Q: 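Input: one structure, supplied below.
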Amino acid sequence: YPKDEIEDGPSSSSGEEEYEDGDENPWLGCVCGKTHPIPIEVFWIQCEGCDAWYNVAQECVGFDASTAEDLEDWCCWACDPPVAGLGL
């Protein structure tokens, strides 16, 4: 992933979706389906399979934001389920 995709992922103000840089892909919560409260650190990452943005926690995906910068590709659980039968 280019560094700017990880660090400058989508942002939203006043609860409404806004699109930056022409990226009209959906912005979703964590792959686990939960909203993580502070102090749990989350970071944005984009799925190579469906192009959706996910705001994930390290404990859910097994790596942190700096490791994510070095990944060549990453797929969400719907596109590449970690457990057989979990995908859509």
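When reading the values below, keep in mind they use all heavy atoms of this one structure, side chains included, and skip hydrogens, waters and symmetry mates. Everything numeric in this text was worked out from a predicted model, so none of it was measured.
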Q: The test is side-chain contact (heavy atoms from CB on, under 4.5 Å); show your working for Trp77 and Cys32 and say whether it passes.
A: CA-CA 8 Å; Trp77 293 357; Cys32 72; 4.2 Å; yes

Q: For Tyr54 and Cys30: C-alpha separation, side-chain torsions, deciding distance, then whether side-chain contact (heavy atoms from CB on, under 4.5 Å) applies.
A: CA-CA 6 Å; Tyr54 288 86; Cys30 190; over 6 Å; no

Q: Between Gln46 (side chain only) and Asp51 (backbone N and O only), is there a donor and an acceptor less than 3.5 Å apart?
A: yes

Q: Could you work out, with side-chain contact (heavy atoms from CB on, under 4.5 Å) as the rule, every residue matching Val61, not counting sequence neighbours?
A: Val31, Phe43, Val56, Phe63, Trp74

Q: Suppose we screen for side chain to side chain donor-acceptor pair (under 3.5 Å). Which residues come up paired with Thr67, at least two apart in sequence or across chains?
A: Asp64

Q: Are side-chain heavy atoms of Cys60 and His36 found at a separation under 4.5 Å?
A: yes

Q: Looking at residues at least two apart in the chain, or sitting in another chain, which of them share a side-chain contact (heavy atoms from CB on, under 4.5 Å) with Asp80?
A: Cys75

Q: To the nearest 0.5 Å, how far apart are CG in Leu71 and CD in Glu48?
A: 10.0 Å

Q: Has Glu59 got more than 12 heavy atoms of other residues, nucleotides or ligands less than 6.0 Å from its CD?
A: yes

